[in-house]
Amino acid sequence: MRLLLMSDTHLPKRAKELPAPLLAELPRADVVFHAGDWVDEATLDLLESRSRRLVAVYGNNDGPPLRTRLPETAYADLDGLRFAVIHETGPAQGREARCAARFPDTDVLVFGHSHIPWDTTAPTGLRLLNPGSPTDRRRQPHCTYMTAAVTDGRLTDVTLHPLPPR
């Protein structure tokens, strides 16, 4: 099962559209994750129409229309692997312990907000993934997104993809 992970698309404020390499991944993905800060409903409409399955939440920059359509926290069980998606996890220091306590029955937590890619594992085994942003690199060298796979109930092939400059 192929996964596509993104967050913090901020359209149309940070870019006019999603990058072509990211859009090219949509038909390959069995499940698409978006960890909030869409800003516009058009991006949600696009991902809903092109994704086999979308697991998504709203972020702090998302207004009432998106908050009506999306939850603050989303959950998915993929081949026995338990996922949770949220937008914000707080400061980097202490993140693993804080998230492990908040999500004790979760195997993988997908989050966003910082635009900083993140891939760590808490002592409890919780895997924390932030795909960065495909449209707003902030202080990072590149805009980014992630792909991964679920194979026999395990998360495999987690890959961070840097995008070329616009």
Side-chain angles (χ1 to χ4, degrees), residues 1-63 65-67 69-70 74 76 78 81 83-93 95-96 99 107-121 126-151 154-166:
M1 181 180 315
R2 290 185 48 91
L3 312 178
L4 173 60
L5 294 77
M6 69 183 86
S7 185
D8 297 283
T9 47
H10 290 275
L11 295 178
K13 294 184 178 190
R14 300 291 186 221
K16 297 210 183 314
E17 59 190 14
L18 292 174
L22 176 66
L23 290 172
E25 288 289 339
L26 283 172
R28 297 183 193 118
D30 297 298
V31 182
V32 176
F33 290 90
H34 193 299
D37 273 4
W38 305 74
V39 180
D40 74 336
E41 285 188 276
T43 305
L44 175 56
D45 295 339
L46 173 78
L47 291 186
E48 283 180 334
S49 71
R50 292 194 189 177
S51 301
R52 289 187 190 120
R53 180 174 179 189
L54 178 63
V55 181
V57 298
Y58 67 77
N60 61 297
N61 284 298
D62 297 327
L66 286 162
R67 288 172 186 245
R69 294 175 63 183
L70 296 165
L78 305 178
L81 200 63
F83 285 79
V85 184
I86 60 172
H87 182 62
E88 189 172 352
T89 60
Q93 186 172 2
R95 178 176 284 143
E96 287 80 7
C99 291
D107 300 306
V108 181
L109 177 65
V110 179
F111 68 99
H113 187 62
S114 68
H115 299 214
I116 298 171
W118 189 276
D119 181 356
T120 58
T121 303
L126 174 67
R127 182 88 174 255
L128 292 93
L129 298 175
N130 183 332
S133 170
T135 56
D136 184 13
R137 65 183 181 90
R138 285 197 185 158
R139 297 172 302 277
Q140 300 306 299
H142 305 281
C143 291
T144 56
Y145 68 93
M146 283 180 172
T147 56
V150 175
T151 308
R154 293 184 6 233
L155 187 68
T156 61
D157 302 323
V158 176
T159 305
L160 180 68
H161 299 272
L163 289 159
R166 290 187 299 233

Colleague: In Å, rounded to the nearest 0.5 Å, how long is the span from SG of Cys143 to CG of Leu22?
Modeller: 10.5 Å

Colleague: Can you tell me if Glu17 has over 12 outside heavy atoms packed within less than 6.0 Å of its CD?
Modeller: no

Colleague: The test is salt bridge (Lys or Arg N to Asp or Glu O under 4.0 Å); show your working for Asp45 and Arg69 and say whether it passes.
Modeller: CA-CA 11 Å; Asp45 295 339; Arg69 294 175 63 183; 2.7 Å; yes

Colleague: Determine the minimum heavy-atom distance between Asp40 and Pro12, stating which atoms define it.
Modeller: CB-CD, 4.0 Å

Colleague: Which distance, rounded to the nearest 0.5 Å, do you find between the CG of Leu160 and the CG of Asp119?
Modeller: 8.5 Å

Colleague: CG/Leu44 to NE2/His34 distance, rounded to the nearest 0.5 angstrom?
Modeller: 8.5 Å

Colleague: For a quick test of reading the model, state the closest non-hydrogen atom pair linking Asn130 to Gly132 and the distance between them.
Modeller: OD1-N, 2.8 Å

Colleague: State the CG-OG1 distance between Leu81 and Thr156, to the nearest 0.5 angstrom.
Modeller: 9.5 Å

Colleague: Write down the atom of Pro164, the atom of Pro21, and the distance for their closest heavy-atom approach.
Modeller: CD-CG, 4.5 Å

Colleague: Hey, could you give me the OG1/CG distance between Thr43 and Leu11, rounded to the nearest 0.5 Å?
Modeller: 4.0 Å

Colleague: Kindly determine whether Leu66 and Val39 satisfy side-chain contact (heavy atoms from CB on, under 4.5 Å), including the steps that lead there.
Modeller: CA-CA 8 Å; Leu66 286 162; Val39 180; 5.7 Å; no

Colleague: Ignoring hydrogens, what is the shortest heavy-atom contact between Leu3 and Leu78? Give both atom names and the distance.
Modeller: CD2-CD1, 3.8 Å

Colleague: Strictly by ring pair (Phe, Tyr, Trp, His ring centres under 6.0 Å), give each pair with a member in residues 130-149 just once, sequence neighbours left out.
Modeller: Tyr145-His161

Colleague: Would you say the side-chain atoms of Arg52 pair up with the backbone N or O of Pro27, donor to acceptor, closer than 3.5 Å?
Modeller: yes

Colleague: Please identify which of these residues, Met6, Arg2, Arg53, meets the side-chain contact (heavy atoms from CB on, under 4.5 Å) condition with Val32.
Modeller: Met6

Colleague: Between Leu129 and Leu155, is any pair of side-chain heavy atoms under 4.5 Å apart?
Modeller: yes

Colleague: Scan Val57, Asp136, Asn60 and name whichever one has a side-chain contact (heavy atoms from CB on, under 4.5 Å) with Asp37.
Modeller: Asn60

Colleague: List the steps and the verdict of side-chain contact (heavy atoms from CB on, under 4.5 Å) for His113 and Ser7.
Modeller: CA-CA 8 Å; His113 187 62; Ser7 185; over 6 Å; no

Colleague: Do side-chain atoms of Thr121 reach the backbone of Arg127 as a donor and acceptor pair under 3.5 angstrom?
Modeller: no

Colleague: To the nearest 0.5 Å, what is the distance between CD (Glu96) and OG1 (Thr89)?
Modeller: 9.0 Å

Colleague: Under 3.5 Å, is there a donor-acceptor pair linking the side chains of Ser133 and His10?
Modeller: no

Colleague: Taking Gly90's backbone N and O only, do any of them form a donor-acceptor pair with Arg95's side chain (distance below 3.5 Å, no angle check)?
Modeller: yes

Colleague: Donor-acceptor check, side chain of Asp157 to backbone of Ala148, threshold 3.5 angstrom: yes or no?
Modeller: no

Colleague: When you measure from the side chain of Thr135 to the backbone of Thr9, do you find a donor-acceptor pair of N or O atoms at a distance under 3.5 Å?
Modeller: yes

Colleague: Evaluate Arg50 against Leu23 for side-chain contact (heavy atoms from CB on, under 4.5 Å), listing each step before the verdict.
Modeller: CA-CA 9 Å; Arg50 292 194 189 177; Leu23 290 172; 4.0 Å; yes

Colleague: Determine the minimum heavy-atom distance between Leu163 and Pro19, stating which atoms define it.
Modeller: CD1-CG, 3.8 Å

Colleague: Looking only at atom types and distance, does a side-chain atom of Ser51 sit under 3.5 Å from a main-chain N or O of Glu48, one as donor and one as acceptor?
Modeller: no

Colleague: How close do Tyr58 and Arg67 get, counting heavy atoms only, and between which atoms?
Modeller: CE1-NH1, 3.3 Å

Colleague: Walk me through it: do Val150 and Phe83 pass the test side-chain contact (heavy atoms from CB on, under 4.5 Å)?
Modeller: CA-CA 11 Å; Val150 175; Phe83 285 79; 4.0 Å; yes

